[in-house]
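Contents: one structure, followed by commentary.
Everything numeric in this text was worked out from a predicted model, so none of it was measured. In the text below, chain A, chain B and the rest are named by the order of the sequence lines, each starting its count at 1.
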Amino acid sequence: MSSTTEKFEFTAANMEKYKELLTRYDDVESALLPVLHLAQEQNGWLPPHVVNYISNLMNIPTIKIKEVISFYDMFYDVPVARNVVQVCTNISCSMFGGREIYQGLLKHFDTDYLTPSRDGRVSLQKMECLGACEIAPCMRVNNDFVGNITLASAIAKLEELP
Amino acid sequence: MKDVANFKDYALLSYHHIQGVHNIDIFERAGGYETMKACFDKDPEAIKEEVKLSGLRGRGGAGFATGVKWGFFTKDRNAKKYLLCNADESEPGTFKDRYLVEKNPHILIEGMIISAWALGTQRGYIYIRGEFYQQAVMLENAIKEAYAKGYLGKNILGKGFDFELAVHRGAGAYICGEETALISSLEGKKGQPKLKPPFPAIKGYRGLPTMVNNVESLAAVPWIMKFGAAAYKQWGTEKSPGTKLFSISGDVNKPGVIEVPLSTTLKDIIEIHCGGMRNGNKLKGVIPGGSSSPILNAEEAYAVKMDYEDVASKGSMLGSGAIIVLDETRNMGEVLKWTLEFYHHESCGQCTPCREGTGWLDGVFKRRDTGKASKSDVALLDKIAASMRGQTICALADAAAMPTQGIIKSFRDELEQYVTTTTKK
Ligand SMILES: Cc1cc2nc3c(=O)[nH]c(=O)nc-3n(C[C@H](O)[C@H](O)[C@H](O)COP(=O)(O)O)c2cc1C
Ligand code: SF4
Ligand code: FES
């Protein structure tokens, strides 16, 4: 997907946000996670050319940034679809079919972990407890929780996505 | 009287019935930030003393006395130091901090400002798990409102005290809830725990003194400072004073978050607060304090009082107060399988007993799926778990070992049967 010819830079608005982020910390390194969140919001995922851009901007070696990206489940070093859907498969959700829902969704969208569906609409991610067990089984669709789902209601919800 | 905080029955959820209380004006009309203002006229040491007298125990899981921990912190007001609120909340089954913050972010901010004044920290962060995006936005908005009122920033209320507060989002890693991992993560690194000592209170974020407290611990401070330690102790027991939030999920009619006095019986929690068992089914077991706490069988669960010492006397722990209720239809082998898959996935890999041990434990269940596990694997699980305990940098290895040994102790036959039956053709 990505090549060295691809370019990335923060939009003017995000550059402002970046500068504001730095004021919150006593050193530049501490702003790395929020800056990666910001870059991922803009670009969808964090390919090498985005990492290079951040590395230059913050003066942090690319190897360190790549390590950080691979450590955290919510930073993506592979391309993801327009919508990221996280399905919980921890205890309380599994009790009410969370695992079957995840498998069912993979089948419905004919895909596997994080791989974008063919129409580029959804990436599915198996997750551990999402901190919303009272609405088990649950999933997160982009930034929002959707709870008490069934396979059918989850499919219906995801089919509505742009 | 409407829209007035109910301080009588609740310390933490006292404002939760008030519509729109996430807004600072509504919060203040109900009495919010009054205690903070009063505290600026108090000696910081007196605040620490009051919190210590209240007996408040850290609500993040370990239950260490908050006031005692504060006592280890440097009294040098000029030294650069930090206050970190742990809102990582990733212990499976736990969702109380999310519930507290999304309805009433200001009670946490008020608690943090009072704590910052007591501790003399100039900067603070709320480290919130990445999945809680909307909750992070709510906190950011609330922080903006507090800045606008002059409750945060430079020279707060003309008292010559500075406190800057920001939200810091994690990015999906359970281990970042462990305080030294949280600090590594805040420093822009992989969230890997560090060996203690040195404790963060001495040498933490950026090598400087850092106080890490859970959301619920910090949010209890305004109530304690408003009504005093003695009043707080009206609730609970001598060793477990106060109220506690419990997150209840699983086979009950009304799962959710409740605030009750510590030492409330688990039976009352299930039957009164959660509307009883789903479908009228029989109780089989309860995970009382998050996935790392050993399971209680039905008899123990119906006998236990939810305070630190009584849960411990039953061989388990109160932990984060995450109660997962399991009815007669549940298979304990399956529950253990889900639990171990989690710990294997979340081990940060630094320590051999944890990295390998969680892999081996999980591996037994992977073998089961291919029909290759045998009855003796249960003894193997027990042995691996025992060898993991107390050997590692952080408590994750113990957190995987304890529930394993707990299920073996209470449901051995069922587990033996589970590992030897496979659904694979
Ligand atoms: C593996 C592991 C995970 C933890 N996760 C959390 C967590 O999600 N939230 C939390 O507040 N404390 C968590 N803790 C406890 C913290 O290390 C720390 O003790 C706590 O935040 C201190 O705050 P308290 O004294 O108010 O409880 C965890 C500990 C371990 C070993
Ligand atoms: S015990 Fe496990 S999670 Fe904790 S530091 Fe060691 S390897 Fe990492
Ligand atoms: S187990 Fe699914 S949100 Fe907690």
Given a strict heavy-atom distance threshold of 4.5 Å, which part of [X] is in contact with chain A: side chain, backbone, both, or neither?
{"X": "Val167(B)", "value": "backbone"}
{"X": "Val257(B)", "value": "neither"}
{"X": "Glu341(B)", "value": "both"}
{"X": "Leu186(B)", "value": "both"}
{"X": "Glu131(B)", "value": "both"}
{"X": "Ser247(B)", "value": "neither"}
{"X": "Arg206(B)", "value": "side chain"}
{"X": "His345(B)", "value": "side chain"}

With a distance cut-off below 6.0 Å to the six-membered ring centre and an angular limit of 45° from the axis, does Arg99(A) pair with Tyr102(A) as a cation-pi contact? no
For Cys176(B), does its backbone N or O pair with a side-chain atom of Ser185(B) as donor and acceptor, under 3.5 Å? no
Does the Lys284(B) side chain pair with the main chain of Arg330(B), one donor and one acceptor, at a distance under 3.5 Å? yes
Part of [X] within contact of chain B (heavy atom distance under 4.5 Å):
{"X": "Gln40(A)", "value": "neither"}
{"X": "Arg140(A)", "value": "side chain"}
{"X": "Ala132(A)", "value": "both"}
{"X": "Asp26(A)", "value": "both"}

From Lys366(B) atom NZ to Arg368(B) atom CZ, the distance as rounded to the nearest 0.5 Å: 11.5 Å
Should we count CG of Asp119(A) as having more than 12 external heavy atoms under 6.0 Å? yes
Evaluate the ring planes of Tyr25(A) and Tyr125(B), with Trp represented by its six-membered ring, and classify them as parallel (under 30°), tilted (30 to 60°) or perpendicular (over 60°). parallel
